[in-house]
Amino acid sequence: MPSKTIVWLAGAGLLGAAYVAATMVVGGDRRMLLIGKTTDAHHQIETVCETCHAAPPFADAAVARKALNGTCLDCHEAGLKAAGDSHSRKLFRGSRMAVFRDRLDARLCTNCHAEHRPGITRAGAVTVATDFCVACHSEGGQDVRKHRPSHADLAFDTCASAGCHNYHDNRALYEDFLVEHAGGAEHAPSPVHGPTVRLRTRELPPDKSLGRGEAVAPAAALAVPGVLDDWAGSGHAAAGVNCAACHAADADAMPDGTSVPWIDAPPMEVCGSCHELQTQSFSGGRHGMRGHPRIARPRASGPWLKWVGLADPVPPEHMTVGEARLPMRPEADPDRILDCGACHRPHDADIVRAAVEACASCHDDPHTRAYFGSPHHRLRQAELAGAAPPGAGVTCATCHMPGTGRGKALATDHNQNDTLRPNGKMIRPVCLDCHGLGFSLDALADAGLIGRNFNGAPAVHVESIDWAVRRAAGAGRDAGRPLPGNQSRQSQLPSIESSQEEEQ
Amino acid sequence: MKRRTLMTAAGLVLAATTAGAAADGLPFRKVADMLYRVMSADREVYTRMVVQRLTVDRDILTASEHFEDDEALPLPAQMFRFGAEAVMDHTEEFSHALLSLHPINRKNGPGTELEKRGLEHVAGNPGENFYGEEELGGERYFAAVYPDYAVVEACVACHNNHKDSSRTDLEVGDVMGGIVIRIAMD
């Protein structure tokens with residue numbers, strides 16, 4: 001006969017297992033199931049486990065791993081495609097890559113980006129060893145130390161940490177690009193950010209503009225102090241967007257503004273009905289990822305399950321300031337949700353507030369604080385004062401949510417990831433509009449300078465352009481871009497005397 | 001031109017209908033030969049009818065390995081690779097690659113002993129193919145290596161002038177490398 005203690009322990013164990021199983025399969029607070037601290041940003045979705053753990057319960061490990069890795073692309077595939085992914089998963093497929101896969105199977109995102117592993121997680125959610133390049137680039141024809149004399153004495157943990165290479169995004173770092181942009185000036189003669197210029201100078205149809213007296217809304221809404229004047233001076237009024245377009249968006253018609261359902265605080269979907277590109281990119285970024293269409297919705301639990309307390313705690317629809325892991329200002333309301341209205345005030349004539357002041361109302365880190373008074377900030381003040389052309393000012397958004405595209409695709413990219421980390425992603429869509437490539441590389445490699453928000457000059461020099469130019473000049477042949485009729489491009493290469501001797 | 005296009009289309013149909021028949025008894029070598037005919041024909045058609053015609057003969061477009069940045073045509077070798085990657089989206093029964101003893105991109109050099117022997121064989125014995133078997137990642141493969149020729153001036157000019165090319169004396173008609181086809185035997 002087992003002792004009473006064993007019986008009690010077995011019973012408690014069974015109850016505990018049943019609770020965990022019920023939590024996993026049916027509902028409940030899942031934070032107890034987390035096997036380690038989630039990476040930044042992903043922590044926003046850490047209780048909707050099935051967003052990433054997409055395989056059926058008790059699936060074979062290989063199936064589960066494949067399903068898990070497939071979900072990475074649900075959110076990150078577009079970014080990788082835009083980056084021209086230098087090491088796409090496709091490269092590692094096929095029989096002849098088996099030898100490389102044995103060293104580092106890069107078909108699986110999780111082999112380099114393991115989740116719930118805070119002890120080994122670095123910036124960019126990278127968990128692979130810092131010298132991971134050695135797996136493929138240290139032998140035979142791929143041995144960079146042998147084939148690139150300039151690399152002979154370099155350690156493999158410097159490949160991706162010295163400002164020269166990224167694993168995925170090398171759009172601004174590949175050799176021919178370096179050569180083509182060698183010798184660029186620190187500043188362009190008249191620096192402006194092109195897409196920002198197009199955004200700020202975009203003309204609205206003049207015949208659609210609405211005046212103060214044309215607002216149609218319930219009397220109570222119109223009576224809110226200041227709201228009418230604000231709206232009349234806003235971009236919405238200038239574009240002919242009357243009150244009901246947002247506050248009674250479901251109405252087929254609004255003859256008098258009083259006979260239709262009126263919503264005091266329209267949800268984001270209403271904004272997205274016109275600002276589609278913006279809301280799409282917002283849901284891919286750190287402020288809005290909880291709204292991404294591929295994030296799993298909470299499971300519906302039956303009423304009886306709710307009654308016994310097993311219902312899912314419904315994950316909030318929006319990120320809140322209080323959940324941020326970055327330093328936030330003490331006076332920032334921790335319960336403030338991050339939807340469109342958190343940064344944009346739709347009734348406000350000040351449409352540029354969202355580009356700086358809204359950010360600084362929450363973010364409280366050295367980089368943000370140092371912005372005010374920085375060269376970029378001074379340019380913004382000059383632009384706002386009319387002393388500099390549109391697009392000359394540099395705001396938080398210029399770098400972290402830049403304008404992109406042309407024509408109907410022209411919009412502010414609300415996904416910070418597109419330019420954030422590694423910071424070389426920012427060079428082509430942002431930095432090069434105003435700075436030379438060499439200066440940009442140096443500045444972005446200087447962590448101290450970034451912390452000071454570019455107050456000062458780079459104290460770091462990334463040698464990649466120097467090396468690329470020497471190699472191109474030394475080779476005496478084309479830099480990989482045949483011209484019409486196969487004319488040599490060699491004549492366009494910068495000339496560096498004694499380059500061959502230095503390289504060798 | 002029309003005749004070549006028709007031949008290519010016929011080859012595609014033939015290969016598509018027979019590649020899957022390997023397990024039913026069609027020799028691996030026969031399947032590989034047919035696949036090669038399709039690949040080789042497509043490669044030559046793109047090189048002649050698109051790249052050579054538009055960049056060299058008519059001088060109205062460029063072809064560049066940085067075709068996105070340069071708004072140019074993809075190079076023939078890149079087109080071949082994209083096709084190989086597209087195949088792998090659908091099947092792992094066979095795979096193919098364009099390799100060379102003198103690759104511009106070093107990752108396209110021989111990676112296995114069989115690839116090295118095959119590339120050396122087709123380079124040293126013009127007109128001949130190379131066949132063998134090898135084990136990779138615990139799987140057994142039938143492998144065939146076919147010569148890849150410089151069919152037009154555009155091939156030669158690009159390879160001879162590129163800074164990363166280790167061979168600069170290519171002439172039209174020379175073997176530049178080889179098309180390697182692998183078929184899973186298990």
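Each chain gets a letter, A, B and so on, in the order its sequence line appears, and its residues count up from 1.
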**Student:** If contact means a heavy atom pair closer than 4.5 Å, which residues of residues 90-105 of chain A contact chain B?
**Tutor:**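 A/Lys90, A/Leu91, A/Arg93, A/Gly94, A/Ser95, A/Arg96, A/Ala98 fall under the 4.5 Å cut-off.
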
**Student:** How long is the straight-line distance from NE2 of A/His137 back to CZ of B/Arg106, given to the nearest 0.5 Å?
**Tutor:**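 If we round to the nearest 0.5 Å, B/Arg106:CZ and A/His137:NE2 are 12.5 Å apart.
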
**Student:** Name the region of B/Leu99, side chain, backbone, both or neither, that has any atom closer than 4.5 Å to a heavy atom of chain A.
**Tutor:**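 For B/Leu99, the side chain is the part near chain A, not the backbone.
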
**Student:** Which residues in residues 83-91 of chain B have any heavy atom closer than 4.5 Å to a heavy atom of chain A?
**Tutor:**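 Against chain A, the residues of residues 83-91 of chain B that fall inside the cut-off (heavy atoms, under 4.5 Å) are B/Glu85, B/Met88, B/Asp89.
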
**Student:** Determine whether the aromatic ring centres of residues B/His66 and A/Phe177 are separated by less than 6.0 angstrom.
**Tutor:**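 Aromatic pair excluded; centres sit 6.0 Å or further apart.
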
**Student:** Taking atom CD as the centre, does B/Glu135 end up with more than 12 heavy-atom neighbours from other residues, nucleotides or ligands that are less than 6.0 angstrom away?
**Tutor:**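 Buried by this count: over 12 neighbours within 6.0 Å.
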
**Student:** Among residues 68-87 of chain A, which ones touch chain B with a heavy-atom distance under 4.5 Å?
**Tutor:**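 Hits under 4.5 Å: none found.
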
**Student:** Can you say whether A/Glu175 sits under 4.5 Å from chain B via the side chain, the backbone, both, or neither, judging by heavy atoms?
**Tutor:**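 Looking at A/Glu175, just its side chain touches chain B.
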
**Student:** Determine all donor-acceptor pairs shorter than 3.5 Å in which one atom belongs to a side chain in residues 173-182 of chain B; sequence neighbours excluded.
**Tutor:**
from     : atom 1 : to       : atom 2 : distance (Å)
B/Asp174 : OD2    : B/Glu171 : N      : 2.8
B/Arg182 : NE     : B/Glu134 : OE2    : 2.5
B/Arg182 : NH1    : B/Glu115 : OE2    : 3.2
B/Arg182 : NH2    : B/Glu115 : OE2    : 2.7
B/Arg182 : NH2    : B/Glu134 : OE2    : 2.6

**Student:** Go through the atoms of B/Arg58 and report whether side chain, backbone, both or neither lie under 4.5 Å from a heavy atom of chain A.
**Tutor:**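 Neither the backbone nor the side chain of B/Arg58 comes within 4.5 Å of chain A.
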
**Student:** Can you tell if the side chain of B/Lys163 reaches within under 4.5 Å of the side chain of A/Val179, non-hydrogen atoms only?
**Tutor:**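 A side-chain contact under 4.5 Å is absent here.
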
**Student:** Would the number of heavy atoms belonging to other residues, nucleotides or ligands and lying under 6.0 Å from CZ of B/Arg53 be above 12?
**Tutor:**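 Counting neighbours around CZ of B/Arg53, more than 12 heavy atoms of other residues, nucleotides or ligands fall under 6.0 Å, so yes.
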
**Student:** So for B/Pro103, is it side chain, backbone, both, or neither that comes closer than 4.5 Å to the heavy atoms of chain A?
**Tutor:**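 Looking at B/Pro103, nothing touches chain A.
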
